[in-house]
**Q** 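Just passing along the structure, written as structure tokens.
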2 protein chains.
Amino acid sequence: MKHDKNVTIADVAKHAGISKSTVSQYLNKRFEYMGEETKQRIRQSIAALGYSPNVLARSLKQKKTFTIGMIVANILHGFSTQVIRTVEDACNEQDIHVIVCNTDEDPQKEQKYVQMLEAKQVDGFIIFPAGDNEELYRELLDKNIPLVFVDRIVPDLPVNTVLTDNEKAAAMAVDYFTNCGHRRIGLAVPPLKRVMTPRSERLSGFQKAMESHELEKSGMFIYEQSLSAMADYLSAEFQKEDKPTALLASNDLTLIEVLQFCRQQEMEIGRDVSIISIDDMPLAGVYNPAVTSIEQPAAAIGEKAAELLFEEMNEGKELSPAVHRYSPVFLERDSVETR
Amino acid sequence: MKHDKNVTIADVAKHAGISKSTVSQYLNKRFEYMGEETKQRIRQSIAALGYSPNVLARSLKQKKTFTIGMIVANILHGFSTQVIRTVEDACNEQDIHVIVCNTDEDPQKEQKYVQMLEAKQVDGFIIFPAGDNEELYRELLDKNIPLVFVDRIVPDLPVNTVLTDNEKAAAMAVDYFTNCGHRRIGLAVPPLKRVMTPRSERLSGFQKAMESHELEKSGMFIYEQSLSAMADYLSAEFQKEDKPTALLASNDLTLIEVLQFCRQQEMEIGRDVSIISIDDMPLAGVYNPAVTSIEQPAAAIGEKAAELLFEEMNEGKELSPAVHRYSPVFLERDSVETR
DNA sequence: CTGTTAGCGCTTTCAC
DNA sequence: GTGAAAGCGCTAACAG
């Protein structure tokens, strides 16, 4: 017992006493030579029968599904959610649907999803690459399937990519810290395995900025550690004499661990250690003290990604793919103290 | 220029020197009487041609799309995101796709999405009802389309519904507060317009629990206010002599406002006012002090919703719909002080 | 065990 | 202006 209501275009045609093709014309708004009366009759029949077109059949014929696939690597990041949200809004305006898949950073899963979505004939992809799937992406390209990357750069692939200016984000933090008189600054960052553009760029941005302030020698502390071990690791490191007065959390998940570390060490934020976070979290602004944060421009990124994808879907693409970087936003709050 | 690679089942058949239907059998794993050699040849041809089946055509024929629609009222709640996540996981195990739509509590939008998804022939719906669309739901029911509600009850509709035991959540908070010696307790809740099951149940649960402690007369404070005005409203109310010593935030978004209020009034959580939140937020556990929270069982709810939907999709449903409530989880932390 | 034959519901020339 | 007919890629009887 499934969807029984099978009113097809044929039923409408019969009811209206005309042919299927005319009804089809009507549905596709090809009114050019259609009699006013015909239109009228069709409209009535449709209403009377409660007809609604079967998009599947149309898609089969037109080879267009009005659906795109969106593949995110880690939906736990607030950033991903926000980008998804924006992309969906953009798509809804065009009556395009979005199927979202989460790969948990697993290239295998990513491959499976891409193939499933391809089989579903999606019209395009927006992907946060999990990495290590270059061949897969290349196939997509070969098949001429519209594709946009978000958040991470896959080297040597001619694909439009849109992401935060991560180096700038890190530099903003460093500059702010130094302006407040800090000369010993740490970076808490999860492990840098594989192509994790944001992480590695934030690290390099951090290093460059430190160099520009001539702090790279003895003032720079890099805490690279898995999230689950981060708090303990920081606790241990901060027992040492040689430690920073300011700490940059490289993303939202890291911030949680940094805050955890402060709690367990009973360190007062500001007095004992100044904090900045890349990524703004819902409670960061009302934290005690409010956490100075660098917000990724998720809306701009999502919009741009959608826009680029639409272009590829409509125009035949070949608009020479590029990397599009958007500046983060500095949210000055109270977690940095001047010394 | 679109997906060019159109290797069809016919190409495979030709290449393998057999007929389409045999290939189709193979694809559908109906191996019963199929010669080992035939299978072999098919396998090779598929690989050679890089064939991948067109799910659309299959769906058109089978009247099954292996896709479900999920419609959430407010994706800004962490709870929605978590439920989505769980449902997606459950679906992925069955190779079912999920299309997620966000209605922003707008019944109009909800209607539009339902219709779009219907046109796409989704196999079922999981809906967080925005409310006021009874007729729409009834149509779905009439058409025998599998449907499960989450988070909100739509009265008088025979639909499986799964949600948090909201009254219990509120009672948990009240009981804990009173155990800690609080006799004057407030509830901050957004406006109760329309059918917002969680809100109204949390309110009624709060009231009932207060009554059971004989606090409903002079110890109960209900702050019903829109989120944007909440912080200021609380600030004004707490100027009065007659105010509570403990405050329950009815959901995550409300907690943000409550915390905001504490900040702007420079009230120390615990000493000046004890706080509990329904919904656990990422930073709540590392807040200063950590915010005692009542977590909704999102995973259980998502799993159950998916399970119920699958049942309806497979068995012919008619399993006498019911309301399924799941108990929230009390996370004792440090934002409540004994008096 | 494999092939033939109809469609699924819609679009799209191309006649009339 | 409208209709007839072919077919999108696949599945599902039913023969053989």
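Each chain gets a letter, A, B and so on, in the order its sequence line appears, and its residues count up from 1.
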**Q** May I have the distance from Leu60(A) (atom CG) to dC10(C) (atom C1'), rounded to whole angstrom?
**A**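 Distance check: Leu60(A) CG to dC10(C) C1' gives 8 Å.
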**Q** Rounding to an integer number of Å, can you tell me how far Ile18(B) CD1 sits from dG3(C) C1'?
**A**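 Distance, rounded to whole Å: 10 Å.
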**Q** Between Arg43(A) and Gln40(A), is the side-chain hydrogen bond (donor to acceptor under 3.5 Å, both in side chains) condition met? List the steps.
**A** CA-CA 5 Å; Arg43(A) 208 171 301 130; Gln40(A) 187 66 31; 3.1 Å; yes
**Q** Check this for me: does any side-chain nitrogen of one of Glu36(A) and Lys39(A) sit under 4.0 Å from a carboxylate oxygen of the other?
**A**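 A salt bridge links Glu36(A) with Lys39(A).
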**Q** To the nearest 0.5 angstrom, please state how far the OG atom of Ser52(B) sits from the NZ atom of Lys143(A).
**A**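 Rounded to the nearest 0.5 Å, the OG-NZ separation comes to 6.0 Å.
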**Q** Reading nucleotides 11-16 of chain C 5' to 3', which nucleotides get B (base under 4.0 Å from a protein heavy atom), which S (sugar-phosphate only), which -?
**A** BB----
**Q** Going 5' to 3' along DNA chain D, which are the first and last nucleotides with any atom under 4.0 Å from a heavy atom of chain A?
**A**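 Using the under 4.0 Å cut-off, the span is dG1(D) to dG9(D).
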**Q** Would Asp89(B) and Lys109(A) pass as an ion pair if we require N to O under 4.0 Å?
**A**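 Salt bridge absent between Asp89(B) and Lys109(A).
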**Q** On a heavy-atom basis, which atom in Leu56(A) and which in Asn54(A) lie closest, and how many Å separate them?
**A**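 So the minimum-distance heavy-atom pair works out to N-OD1, 2.8 Å.
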**Q** Looking at Asp156(B) and Arg138(B), does any basic side-chain N land under 4.0 Å from a carboxylate oxygen?
**A**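 Salt bridge between Asp156(B) and Arg138(B), a charged N being under 4.0 Å from a carboxylate O: no.
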**Q** If you assign each of Gly17(B) and Ser52(A) to its closest nucleotide in DNA chain C, which residue comes earlier from the 5' end?
**A**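 It is Gly17(B) whose nearest nucleotide is closer to the 5' end.
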**Q** Any Lys/Arg nitrogen of Glu307(A) or Lys304(A) sitting under 4.0 Å from an Asp/Glu carboxylate oxygen of the other?
**A**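 Counted as a salt bridge, because a side-chain N and a carboxylate O are separated by less than 4.0 Å.
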**Q** Take atom CD of Gln121(B) and atom P of dC8(C), then tell me their distance rounded to the nearest Å.
**A**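 Interatomic distance, CD of Gln121(B) to P of dC8(C): 14 Å.
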**Q** Given Arg85(B) and Asp104(A), is the salt bridge (charged side-chain N to carboxylate O under 4.0 Å, His left out) satisfied, shown in steps?
**A** CA-CA 12 Å; Arg85(B) 189 60 166 103; Asp104(A) 288 322; 3.1 Å; yes
**Q** According to a strict under-4.0 Å criterion, is Thr38(B) in side-chain N/O contact with OP1 or OP2 of dT2(C)?
**A**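 Affirmative; the distance criterion is met.
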